[in-house]
Every structure is written in structure tokens, then in C-alpha cells.
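The structure appears below as C-alpha cells.
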There are 2 protein chains.
Amino acid sequence: MTQFDNVSVVKKANVYFDGKCISHTVMFPDGSKKTVGVIFPSNLTFNTGLPELMEINAGVCKVKLAGEKDWKTYKAGESFSVPGNTSFDIETVELLDYVCHFITESTCCAG
Amino acid sequence: MTQFDNVSVVKKANVYFDGKCISHTVMFPDGSKKTVGVIFPSNLTFNTGLPELMEINAGVCKVKLAGEKDWKTYKAGESFSVPGNTSFDIETVELLDYVCHFITESTCCAG
């Protein structure tokens with residue numbers, strides 16, 4: 001799936017870390033939310049509110065979740081999960097293209 | 001209007017000029033297309049295919065259309081039009097947040 005259908009898109013970009021991360025917010029009919037964005041080469045720490053699933057469209061990144069010792073590498077076609085109310089470090093050496101899925105009850109885990 | 005409703009969004013970003021311009025493509029039920037994006041501080045020349053209406057959400061830019069002598073300044077809340085199959089120079093000194101409306105018969109000028 002290369003696109004999201006039947007959604008709303010906020011016109012104005014989200015700008016984080018002085019522009020190192022740029023995203024646009026996409027809202028779904030079920031009330032859930034995702035962002036589509038890029039991260040420029042950098043070393044950043046993101047804080048999470050909701051749990052997130054980070055889907056990598058292009059590029060590669062190294063990620064270390066708060067409390068973990070090891071960095072893991074993720075590339076295009078892969079994804080990683082981050083719990084809510086925590087943080088993760090991410091290192092990119094080329095442009096990273098991603099979709100961030102914010103996980104709510106409506107989008108997660110029936111049963 | 002701060003968002004577009006009932007649209008499709010391409011997950012992967014468009015990256016132009018080595019990342020100086022980042023956008024995401026939004027497609028409308030009538031077949032028309034817009035991009036939502038940002039331009040980092042730079043001096044760039046964009047070529048147009050379809051005519052475009054550039055709507056500025058945030059920031060300020062100076063623009064010179066091909067064949068014109070004078071630069072004009074546009075800021076948040078303003079917009080400028082560019083004919084099809086031409087080019088324009090744009091200078092930004094802060095992050096420019098924009099919506100680019102691609103003008104087709106279905107989106108333009110009844111009668």
C-alpha cells in the first residue's frame with residue numbers, strides 16, 4: 001500500500017528539531033492518526049505519548065529504545081515499535097522517509 | 001480551512017533539491033492533486049508542468065517568475081500563481097510552509 005485513502009491531511013507541516021524532522025499529520029475515519037515524514041541525517045531523541053509503530057519507507061536508521069543497551073538497525077520495508085510515554089534515540093546518516101502510526105485502542109490488538 | 005478532507009495521501013515524501021524541498025502528494029476525489037510541503041532557506045528554481053497556485057502557510061518568500069524582472073514578496077496567508085510549462089525563482093530565508101495547488105480544468109475556471 002503506497003497511499004492512504006479516505007483520510008484528512010493537515011495542511012501545515014510539523015517541524016521538529018529545527019527542521020531535522022518534518023512531517024504532516026494524517027487523520028483516519030476511525031479517529032486514529034499517523035504522520036508521514038522525513039528525518040534528515042542527525043542524532044535525535046524522540047519522546048512518545050501514544051505507543052508508535054515506525055514504518056520505514058526509505059533510508060536506514062539505528063534505534064535505541066530508552067532503557068535498552070543495544071542499537072538496532074532498520075531499513076526500508078521494516079518497522080519498529082516504541083511503547084507509549086517513553087523515548088527513543090534515532091541515528092540517521094541519510095534521509096529517512098517514514099510513516100509513524102500512533103497506536104490507540106481502535107487501531108490495536110483486538111481481543 | 002486547515003486540513004483537506006476525503007483525500008488520499010502518498011506515504012512517501014517527494015524530495016527535491018537535495019532535501020531543500022520536501023513535500024507529500026495529496027489526491028482529491030475529482031482527480032486533482034496538491035502537494036503539502038516545506039522549503040528550507042535557499043535559492044531555488046522550480047519548473048512547472050501544470051499551472052500552480054502556491055499558498056503560503058508559514059514563512060515568507062521572494063519570487064520571480066520566468067521573464068519577469070521584479071521579485072515579489074509573499075508571506076503566510078498569501079499565495080501566488082505560476083503558469084504552466086515555465087519556471088520561477090524562489091528565495092527563502094526561513095522555513096517556508098506551503099500548499100501547491102496544481103490547476104487542471106476540473107479545478108479551474110468554469111465557463
Tell me whether [X] shares a hydrophobic cluster with [Y], the cluster being built from Ile, Leu, Val, Met, Phe, Trp, Tyr side chains joined at under 4.5 Å.
X: A:Y16; Y: A:V82; answer: yes
X: B:L96; Y: B:L65; answer: yes
X: A:F88; Y: A:Y98; answer: yes
X: A:I39; Y: A:W71; answer: no
X: A:F28; Y: B:F28; answer: yes

Do you know which of B:L95, B:V99, B:V36 has the most heavy-atom pairs under 4.5 Å to chain A?
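It is B:V36.
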
Specify which of B:K12, B:E55, B:M27 makes the most heavy-atom pairs with chain A at under 4.5 Å.
B:K12

First locate atom [atom1] of [X], then atom [atom2] of [Y], and finally report the distance between them rounded to the nearest 0.5 Å.
X: A:Q3; Y: B:T25; atom1: CD; atom2: OG1; result: 10.0 Å
X: A:H24; Y: B:D97; atom1: NE2; atom2: CG; result: 5.5 Å
X: B:I22; Y: A:F40; atom1: CD1; atom2: CZ; result: 4.0 Å

Tell me if the CG atom of B:N47 is crowded by more than 12 foreign heavy atoms within 6.0 Å.
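Check passes, neighbour count above 12.
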
If every non-hydrogen atom of A:K11 is compared with every non-hydrogen atom of B:N57, which pair is closest and at what distance?
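The answer is O-ND2, 3.4 Å.
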
Going by side-chain contact (heavy atoms from CB on, under 4.5 Å), B:V7 matches just one of A:V7, A:V26, A:N6, A:D5. Which one?
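The residue from A:V7, A:V26, A:N6, A:D5 that satisfies side-chain contact (heavy atoms from CB on, under 4.5 Å) with B:V7 turns out to be A:V7.
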
Interchain contact, A:M1 with chain B, by part (heavy-atom threshold 4.5 Å):
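It is both, since atoms from each part get that close.
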
Where on A:V9 is there a heavy atom nearer than 4.5 Å to chain B: the side chain, the backbone, both, or neither?
both

Less than 4.5 Å apart, side chain to side chain, heavy atoms only: is that true for A:V10 and B:T2?
no

